[in-house]
There are 2 protein chains.
Amino acid sequence: MTATAAERRAARAEARREEILDAAQKIFASKGYNETGIADIAAELGIGHGTFYRYFENKQDIAVQVLDRAILDIASALSDEDPHASNDVDEYRAQTTRIMLRMFEKLESHPEAFALLHVQSVAIDTTATQRSFEAYSAYTEVFLRNGIEKGFLRQDMDVEITAQALVGLIFEGTRRAIAEDTPRELWMRWINAGVALMFEGVSANQNG
Amino acid sequence: MTATAAERRAARAEARREEILDAAQKIFASKGYNETGIADIAAELGIGHGTFYRYFENKQDIAVQVLDRAILDIASALSDEDPHASNDVDEYRAQTTRIMLRMFEKLESHPEAFALLHVQSVAIDTTATQRSFEAYSAYTEVFLRNGIEKGFLRQDMDVEITAQALVGLIFEGTRRAIAEDTPRELWMRWINAGVALMFEGVSANQNG
DNA sequence: AAAAGCGGAATGACGTGTCATTCTTTTGAA
DNA sequence: TTCAAAAGAATGACACGTCATTCCGCTTTT
């Protein structure tokens, strides 16, 4: 171990920073931003709350970082699908199904991330959620454009708005799920009904 | 004017109660629940903040009442469509279009109501929004069941989930609109794209 | 021994809710 | 009708608790 003293210190500091972020995420998600005191975060870790200020500017500072982490975490559920990969409706349908499935898996493994995104974000930074939704719908637009170019999606679609609506549809599922615990069977209903609505609409089969 | 003194007093008290509710709605919607002090509400009306406590228990008390009012206000945009009226897809499509249009009109005339429903509600009473969304989707279910029975909507539809998803879709539009001011032209795009997505889905015309 | 890290008491700003006091309306006796 | 007393309404100073942030003495690391 050729680590210098300074390097070791920096590593320890970084580790503790992460610990504090984790504790804050947990408590913000469960008690809520406004109801959480710095002392609560410190107590969770058994450290003095003065120590907190060695690692973060203030409460707003850590809250923004916690929220950003959560948003990135959720975004990662989308990132491993290539928006240009699909060549027909069935492929795109399968892709969408995988994305929604991954979303619900994320919800199960990191429920706090969704609580932060949907609930606490308004207390922390209203614009953060907006910006993230903007990013999600921009990404969705790429998928839609791909399908329109290749001819398997509706040619007259208003891509921008449709993308926004689809993001709203998907996140409505996760939003509801954070309120009460959601068994895997209910996910499946959401995924099936959501995908059916998205691809076929509500109309009976013989349309137009 | 045969009003007794007691009646006059009661009327005046009720009027002031309304004034305070209005002021609170305005300020909660603009500053946010947690950032609003009783003093702010009183200042808005130019009354002493002690007076506030003659009319409401505390901040939570008035906030719940303000939120309930807002939810009822928004619900009224739906109430004048009969869920059993439509007999074919086109009629139901027209009904849906009217509902969405009325929603955006409500948004224009009472923007604070939506700010309260979408944003402040989580700070005031998490369960209130849930309950209201529950009510909206239960109402939507009635429309869907009507269409399935009459054969013009998809027979295999998961009515419960689809209704929830549709509510999410519609409110995503209003949610976005409260952030930035939304010109009427953008409403129309939302209504058109939303209705198209709902009835036809994203797929190109000749499906399955 | 010096430097860095830590803890928790102290500080001060702020918001809530109370209450003694003042102002307004109503009452009813003259 | 008049007006003084009673009842009701409004006010804002203040007590109180809470909490983010700071400060300084103590401990651990180098």
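Each chain gets a letter, A, B and so on, in the order the sequences are listed, and its residues count up from 1.
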| query | Does anyone know the first and last nucleotide of DNA chain D in reach of chain B, 5' to 3', at under 4.0 angstrom to a heavy atom? | reply |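 Listed 5' to 3', the contact boundaries are D/dG8 to D/dA13.
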Taking NZ, NE, NH1 and NH2 as the nitrogens, is one of them in [X] or [Y] under 4.0 Å from a carboxylate oxygen of the other?
{"X": "A/Arg69", "Y": "A/Glu112", "result": "no"}
{"X": "B/Arg102", "Y": "B/Glu105", "result": "no"}
{"X": "A/Arg131", "Y": "A/Asp68", "result": "no"}

| request: Please answer whether the main-chain N or O of A/Asp125 pairs with a side-chain N or O of A/Gln60 as donor and acceptor at a distance below 3.5 Å. | output: no
| said: Quick check on contacts: within residues 34-67 of chain A, what sits under 4.0 Å from DNA chain C by heavy-atom distance? | reply: A/Ile47, A/Gly48, A/His49, A/Gly50, A/Thr51, A/Arg54, A/Tyr55
| said: Quick one about B/Ser86 and B/Lys150 (side-chain donor to acceptor, distance below 3.5 Å, no hydrogens or angles considered), yes or no? | reply: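 No pair is found: no donor N or O on one side chain lies under 3.5 Å from an acceptor on the other.
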| query | Between the side chains of B/Gln164 and A/Arg189, is a donor N or O closer than 3.5 angstrom to an acceptor N or O? | reply |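 Per modelled atom types, B/Gln164 and A/Arg189 side chains form no pair under 3.5 Å.
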| Once the angle between the rings of A/His118 and A/Phe171 is folded into 0 to 90°, is it parallel (under 30°), tilted (30 to 60°) or perpendicular (over 60°)? | perpendicular
For nucleotides 22-28 of chain C, give me every protein contact, N/O to N/O, under 3.5 Å, one pair per line with atom names.
residue	atom	partner	partner atom	Å
C/dT25	O3'	B/Arg12	NH2	3.4
C/dT26	OP1	B/Arg8	NH1	3.2
C/dT26	OP1	B/Arg12	NH2	3.1
C/dT26	OP2	B/Arg8	NH1	3.2

| request: Provide the full list of salt bridge (charged side-chain N to carboxylate O under 4.0 Å, His left out) pairs with a residue in residues 168-179 of chain B, sequence neighbours left out, each pair given once. | output: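 Applying salt bridge (charged side-chain N to carboxylate O under 4.0 Å, His left out) to every pair that reaches into residues 168-179 of chain B, excluding sequence neighbours, yields A/Glu134-B/Arg176, B/Glu172-B/Arg175, B/Glu172-B/Arg176.
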| request: For residues 52-63 of chain A, pull every pair meeting salt bridge (charged side-chain N to carboxylate O under 4.0 Å, His left out), keeping only residues two or more places apart or in separate chains. | output: none
| message | Test of understanding: with side-chain contact (heavy atoms from CB on, under 4.5 Å), list the residues that count as partners of B/Ala24, not counting sequence neighbours. | response |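 Testing B/Ala24 for side-chain contact (heavy atoms from CB on, under 4.5 Å), a comparison that skips the adjacent residues, returns B/Phe28, B/Ile41, B/Ile62, B/Val66.
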